[in-house]
There are 2 protein chains.
Amino acid sequence: MTDQKIKNMEDFASVSGISRPTLSKYFNDPASVRVSTKAKIEAALEQYDYRPNFYAMNQNRRLTRNIGIVVPYLADPFFAEIARNIENLVIRAGYRPILLSSHGDPNQEIENLALLRDIKPSGILFAPLGRSSNVVALREYTAEFPMVLFDCNVEALNLPFLGHNNIQATDIMVDYLVRTGEPPVFFEMKYPSNPNANKRRLSYIQSMERLRLEPKVYSVEGTGWNFEEIGYEQGLKLIAQRKLVSGTVLFSNDRLAIGFLSAAYEMGLRVGRGSGCALRVAGHDNHPYSRFTCPALTTVSHDYDSIASSSIERLLDLLENRESHNGPRERLFDGKLVMRESA
Amino acid sequence: MTDQKIKNMEDFASVSGISRPTLSKYFNDPASVRVSTKAKIEAALEQYDYRPNFYAMNQNRRLTRNIGIVVPYLADPFFAEIARNIENLVIRAGYRPILLSSHGDPNQEIENLALLRDIKPSGILFAPLGRSSNVVALREYTAEFPMVLFDCNVEALNLPFLGHNNIQATDIMVDYLVRTGEPPVFFEMKYPSNPNANKRRLSYIQSMERLRLEPKVYSVEGTGWNFEEIGYEQGLKLIAQRKLVSGTVLFSNDRLAIGFLSAAYEMGLRVGRGSGCALRVAGHDNHPYSRFTCPALTTVSHDYDSIASSSIERLLDLLENRESHNGPRERLFDGKLVMRESA
DNA sequence: CTAAAAATATTACGCGCGTAAACTTTTTAT
DNA sequence: ATAAAAAGTTTACGCGCGTAATATTTTTAG
């Protein structure tokens, strides 16, 4: 490695003996230049280890081949998981993923789209915050580049959407709980951050009514994304006040259930499906941590893989004009019951 | 809002009646232009909602005022937490945070620094992967911009470092455990992803020897970042084989402990400090989830706030030439014992 | 070996914006 | 009101790279 400073493609052109336009071609697609020049360039790269400025590259390219990924809250292992999944698939498809998290903040969500616009992405895979999203501001961006929604739909944007079948998933869980014991009550946040919550509540009520059972919903206080804390605090309260009308509790999501399990343990309530147990607890999402709760959490898993791969496929269809526009605008994937020890 | 397309500052100059250089000044610092022009610009902004391209801005600026933040694994709530903390402080200091995660991958770590270089950051706050980091490659970047390490030091880079006092923190925990019951054994990964693990093991051994007690370390198999899984699997094995020589287990970090708690629960071992308990379990980190384990996990917390604020302060010192170069290169912050129910 | 085809070199301009210099207008001080 | 100071305008060039057009070289076909 020579210590000469290569600060741009011009410099690298000098030392490598290749013209800058040809270098530009090479960096855009190494296979587009003659093998002998490719070899010369790569030999020079070994010596001087130059690499083009990523943002300058995108500034005036026709096709950038990078794909933005926006998730609502990367600190949530659930999204961390699916984001990694999608990133890998994007790479495999020959594109470059740019992952951004909205940190649960609608302003950050808009900011993320603005930042992505500035690098002229080929397309965007977008999991919106949902009810707190600034729909008016979002609409400004939907016309600028191909965009596919996943995880959470925003109907008003009228975009392709790939997601989890909350109706079916909740229904299968209710069915299981009723078959194996006392019918469940439903526990959710009154003002849920995640819009899927509403569908789950509605589905719970429907399923119960279909089974000629009385639905009972606990909509607890608390806002934000500290779901465990809310499950814990409100769980303590419900248990202490003996307000639970059933020994089986279905939670709107796993994180609430995790908090609740902690409260139940603290109050000395034994959770599980055994005979000595006072309470059955079930979640929704198959959160990465749900395997490690005490007891392990019975829940419904999303079809991660299908959602991730279909989202990308759908976006590529748009990008590469495979005119599958006639396909359904929305596609849902069924959840699977994950039977563990808590219910 | 007019529907005219404003695609760049030139366009916006036309419609706003302000020259482009003045606009440039305004966007760099709104207070740097006359109040009357500021008003005119902002009135035009209301109408046309233009905003400068972030990356083009940084391309030829002397002082970009953006600060890169690189963390090893954002999916870990621990880093998610501290990253959010740092982001806010950076904003408050008048800079712009650019957060990137290495996803536990040394190549991604280098890639992140390369991407940051391309936007010419004023400085970088960097939490390295540690033992798996590509030190040779990292060194290339340390000369290019001011850089401060946090969470995990890489001695070879010889950079300012702000971190957790693993020695003190482990010592205080060992002390507590010995005072309150059976002396602890130590549980860690044989090839830990996190380099702090080594210091913790050494400190455990030292503390035990100082107390004239026999240290006992379990270095279990398993690699990667799925700590809970490793704690769970290896925990099951240790318990089943009755290999634990003490009823008190100190874990290298909370995530391992979380997995172990799950194993203990499954095996019917009651964990806690009460009389009917078979096992005491203690962790390290005060992981966001450690409050919600069953029982709640006794652990040692990092001084998040101090580490975050000092890291930024240190970086700003470098940036603004406050010549505090004579300060100590490394600064450690003591942990605090968090006494919960597990030990 | 020669002509056609393919690849590279040269030149020039564009992307969106920062910034410096020279000049003009507006504001502030006297 | 007038001069000095401050702010704005014009003009020009730079950042690092994409890309088109033309000229030149290299490769392949015959």
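Residue numbers begin at 1 in each chain, while the letters A, B, ... track the order of the sequences.
Atom-to-atom, CD of A:E10 to P of D:dG16 comes out at 10 Å; the value is rounded to the nearest Å. Remark: P of C:dC17 and CZ of B:F12 are 11 Å apart, rounded to the nearest angstrom. Going from atom CD of A:Q59 over to atom P of C:dG14 covers 14 Å, rounded to whole Å. In this structure, A:M9 atom CE and D:dC15 atom C1' are separated by 14 Å, rounded to whole Å. One can place NZ of B:K120 at 13 Å from P of C:dG18, the figure rounded to the nearest angstrom. Rounded to an integer number of Å, the gap from A:N53 CG to D:dG18 P is 10 Å. For the pair A:K25 NZ and C:dA6 C1', the interatomic distance rounds to 9 Å; values are reported in whole Å. Straight-line distance from the OH atom of A:Y55 to the C1' atom of D:dG16: 14 Å, rounded to whole Å.
Contact annotation: A:N60 does not reach the phosphate of C:dC15 (side-chain N/O to OP1 or OP2, under 4.0 Å). At D:dG8, none of the side-chain N or O atoms of B:T22 fall inside 4.0 Å of OP1 or OP2 (strictly under the cut-off). The phosphate of C:dT8 (OP1 or OP2) has a side-chain N or O of A:T37 nearer than 4.0 angstrom.
Taking the six-membered ring where tryptophan is involved, the planes of B:F27 and B:F12 are tilted, since the angle between them lies from 30° to 60°.
Comparing A:R34 and A:F27 by the nucleotide of DNA chain D whose heavy atom lies nearest to each, the residue mapping closer to the 5' end is A:F27. Of the two residues contacting DNA chain D, namely A:S36 and B:A56, the nearest-nucleotide position lying further toward the 5' end is that of B:A56.
A:S24 comes within 4.0 angstrom of a nucleotide base, judged by non-hydrogen atoms across all strands. Residue B:R20 is classed as a base contact, given a heavy-atom separation below 4.0 Å to a base. Residue B:Y50 is in sugar-phosphate contact alone, with no base atom involved, counting any heavy-atom pair closer than 4.0 Å across all strands shown.
Closest contact between the side chain of B:P21 and the listed nucleotides C:dT10, D:dT19, D:dT10 involves D:dT10. Ranking C:dT19, D:dT9, C:dT10 by closeness to the B:I18 side chain, first place goes to D:dT9. When distances are taken from the side chain of A:V33 to each of C:dT19, C:dT8, C:dG16, the shortest belongs to C:dT8.
Of all the heavy atoms in B:P146 and B:L319, the pair that sits closest is CG-CD2, 3.5 Å.
Here the side chains of B:P128 and B:C152 are in contact, with some heavy-atom distance below 4.5 Å.
In this structure, A:N53 contributes its side chain and B:D118 its backbone to a donor-acceptor pair below 3.5 Å.
A salt bridge is absent between B:R117 and B:E111; no separation between the charged side-chain nitrogens and carboxylate oxygens falls under 4.0 Å.
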